[in-house]
Amino acid sequence: MYESYSKWIRSHRDLPLKMNQWNNVVRWEFKHPVPFLRGREFLWNEGHTVFATKKEAEAEGAQIIGIYNEVCENYLALPSLIGKKSEGEKFAGAEYTISMEFLMPNGKSTQGPDFHHDGQIFAKAFDITFLDENGKKQYAWQNTWAISTRMLGVLFAVHGDDKGLVLPPKVASLQAVIVPILFEDSKERVLAKAKEIKKHLESKGILVHLDDREGYTPGWKFNEWEIKGVPLRIELGPKDLEKHQAMLVRRDNGEKQALPLAALADEAELVLTQIQDNLLQQAKKKLKESIVTVEKAEEAKKELEKQKLIFAPWCGEAECEAKFKEESGAKSLNSPLEQPSLKKGTKCFACRNEAKYWFYFGRSY
């Protein structure tokens, strides 16, 4: 790709060059598979951008991480720790890496979308140069960034439960399912009303399915749609028709409520919004409760055994990082872009030399 860049780019007028690709990847050096999180083959979105100046290139970082955070928080309902990786954990071809780290239910973290500012490292390796406005030859400044199908694995793990998937409504291919409870003497009336409800829900833009299959009990259908993570289930039987109501069941918390048929479509729309928000707030609460601030390595090791993430003052030295990882099984995750104040004389939690940053540490996939 970059060999082509060196041919395409000649003048400052050719910049910025922004390539956004969607492709599949095969890891030949593959080790330690983890279903949905780490496989030999995966799909991803990846950007490769080129700029005339360092300032322009670095400014893209906030934009890209902002887009990825929008996707993760507002659609997947997944909060993260956003910050700069250590020298040892950054992308090998980058000047620095900004990552999004996600907490899994077992207390481990996993890295999600990231942004790498590559500086002029690849430009010098592949001779990606241009003539500036003064006719002077300059090396270009580059970024790379990516998000992959690993985020589906994070979504499955964070929101799922013992019954199966729990999908945020904004990304669910099916947001509601209507399960009619059928008896021979009332079958036609119940199905007619179920079809009417379906039309009302669709008029609100809700993706809905009417499960009118025969040969399956209502309980069997309930279980199947729970496994698939459909956010809302609407139960409708002959007794409900008599009361002019339907039963609404939430997948995220199992709450049931009887609603008047006249208000069902509006209420379903509202409940889907509540489910989306609830999933995000629950994940944020879990993340916040799982972060423990420590000042000494022994404290950190104890908290790691409790499946916690560590927030600690750190010296930033590779030897210190490697030693702590060997002793605890935990590695550095990232450092907040907006650093909390660090008092002069604060010691590194691990080696007791002078601390330079606040850093997150945790056991990781």
Side-chain angles (χ1 to χ4, degrees), residues 73-78 105 152 155-286:
E73 281 213 0
N74 294 336
Y75 287 84
L76 304 181
L78 295 172
L152 295 177
L155 180 148
F156 300 157
V158 171
H159 299 317
D161 58 23
D162 289 345
K163 294 181 180 179
L165 293 176
V166 178
L167 297 177
K170 284 187 179 180
V171 295
S173 60
L174 198 59
Q175 296 170 318
V177 61
I178 302 169
V179 179
I181 300 168
L182 304 176
F183 300 94
E184 283 303 321
D185 60 344
S186 56
K187 179 178 176 181
E188 289 186 9
R189 288 186 294 114
V190 171
L191 280 177
K193 181 56 71 174
K195 290 174 182 176
E196 187 181 315
I197 291 171
K198 183 175 184 288
K199 286 184 179 179
H200 287 160
L201 293 175
E202 288 174 336
S203 72
K204 295 289 183 179
I206 297 171
L207 301 171
V208 59
H209 173 68
L210 170 58
D211 188 350
D212 56 359
R213 292 174 296 171
E214 296 188 12
Y216 298 90
T217 65
W220 194 96
K221 293 177 182 180
F222 295 166
N223 180 66
E224 182 181 32
W225 296 115
E226 283 179 343
I227 288 172
K228 292 183 176 182
V230 176
L232 272 183
R233 184 174 76 242
I234 298 168
E235 303 170 9
L236 182 71
K239 291 183 179 179
D240 295 307
L241 281 186
E242 292 174 7
K243 298 177 182 178
H244 303 286
Q245 69 176 30
M247 190 67 68
L248 200 68
V249 186
R250 291 174 54 154
R251 178 65 183 88
D252 62 328
N253 58 18
E255 284 183 4
K256 296 183 178 183
Q257 58 181 137
L259 293 170
L261 292 176
L264 187 60
D266 288 334
E267 192 66 24
E269 189 177 27
L270 175 62
V271 172
L272 286 171
T273 301
Q274 292 172 344
I275 292 172
Q276 183 78 33
D277 183 63
N278 181 53
L279 290 174
L280 176 60
Q281 296 309 319
Q282 288 298 315
K284 281 185 173 181
K285 182 173 181 285
K286 173 67 175 175

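Given the structure is predicted, the values throughout are model-derived calculations rather than measurements.
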Polar side-chain atom of Asp277 near backbone of Gln274 as donor-acceptor pair, under 3.5 Å | no
Leu207 CG to Gln175 CD distance, which is reported to the nearest 0.5 Å | 4.0 Å
To the nearest 0.5 Å, atom OG of Ser203 lies from atom CD of Glu269 at 8.5 Å
Glu196 and Lys193: CA distance, side-chain angles, deciding distance, salt bridge (Lys or Arg N to Asp or Glu O under 4.0 Å) verdict = CA-CA 5 Å; Glu196 187 181 315; Lys193 181 56 71 174; 3.2 Å; yes
Ring pair (Phe, Tyr, Trp, His ring centres under 6.0 Å) filter on Phe222, not counting sequence neighbours, yields none
Would you check if the side chain of Gln276 reaches a backbone N or O of Lys170 as a donor-acceptor pair within less than 3.5 Å?
-> yes
Value for CG (Leu280) from NZ (Lys285), rounded to nearest 0.5 Å, stands at 14.0 Å
Tightest non-hydrogen contact, residues Ala176 and Ile206, listed as CB-CG2, 4.1 Å
Lys195 to Leu210 - nearest heavy-atom pair and separation = CG-CD2, 3.7 Å
Look up atom CG in Asp212 and atom CD in Glu214, then write down how far apart they are to the nearest 0.5 Å.
-> 8.0 Å
Find out whether Glu224 and Tyr216 are in side-chain contact, i.e. whether some heavy atom of one side chain is under 4.5 Å from a heavy atom of the other.
-> no
Taking every non-hydrogen atom, the tightest pair across Ala194 and Leu236 | N-CD2, 3.7 Å
Can you find a heavy atom in the side chain of Val190 that is under 4.5 Å from one in the side chain of Phe183?
-> no
Any chance you could measure Leu155, atom CG, to Leu76, atom CG, to the nearest 0.5 Å?
-> 5.5 Å
Are any non-hydrogen side-chain atoms of His159 and Leu78 less than 4.5 angstrom apart?
-> yes
Leu174 versus His209, closest heavy-atom pair with distance = CD1-CB, 3.5 Å
Closest non-hydrogen atoms of Pro168 and Leu279, given as atom of the first, atom of the second and distance, are CA-CD1, 3.7 Å
Taking the side chain as every heavy atom from C-beta outward, state whether Ile234 and Val208 have any pair of such atoms under 4.5 Å apart.
-> no
Between Trp225 and the options Leu232, Val249, Val230, the side chain to side chain contact (heavy atoms under 4.5 Å, CB included) test singles out Val230
Should Lys204 and Leu201 be marked as a side-chain contact (heavy atoms from CB on, under 4.5 Å) after you check the CA-CA gap, both sets of side-chain angles, and the distance that decides it?
-> CA-CA 5 Å; Lys204 295 289 183 179; Leu201 293 175; 5.8 Å; no
Return yes when atom CZ of Phe156 has more than 12 non-hydrogen atoms of other residues, nucleotides or ligands closer than 6.0 Å, and no otherwise.
-> yes
Would you check, one step at a time, whether the test side-chain contact (heavy atoms from CB on, under 4.5 Å) holds for Arg189 with Leu241?
-> CA-CA 8 Å; Arg189 288 186 294 114; Leu241 281 186; 4.0 Å; yes
Backbone N or O of Val179 within a donor-acceptor pair of the Lys221 side chain at under 3.5 Å?
-> no
Quick one: closest heavy-atom pair of Pro231 and Leu272, and the distance?
-> CB-CD2, 3.9 Å
Between the side chain of Arg251 and the main-chain N/O of Lys228, is any donor-acceptor distance below 3.5 Å?
-> no
Determine, for Asp161 against Lys163, whether the closest basic-nitrogen to carboxylate-oxygen distance falls under 4.0 angstrom.
-> no
Roughly how far apart are Ile181 CD1 and Lys187 NZ, rounded to 0.5 Å?
-> 15.0 Å
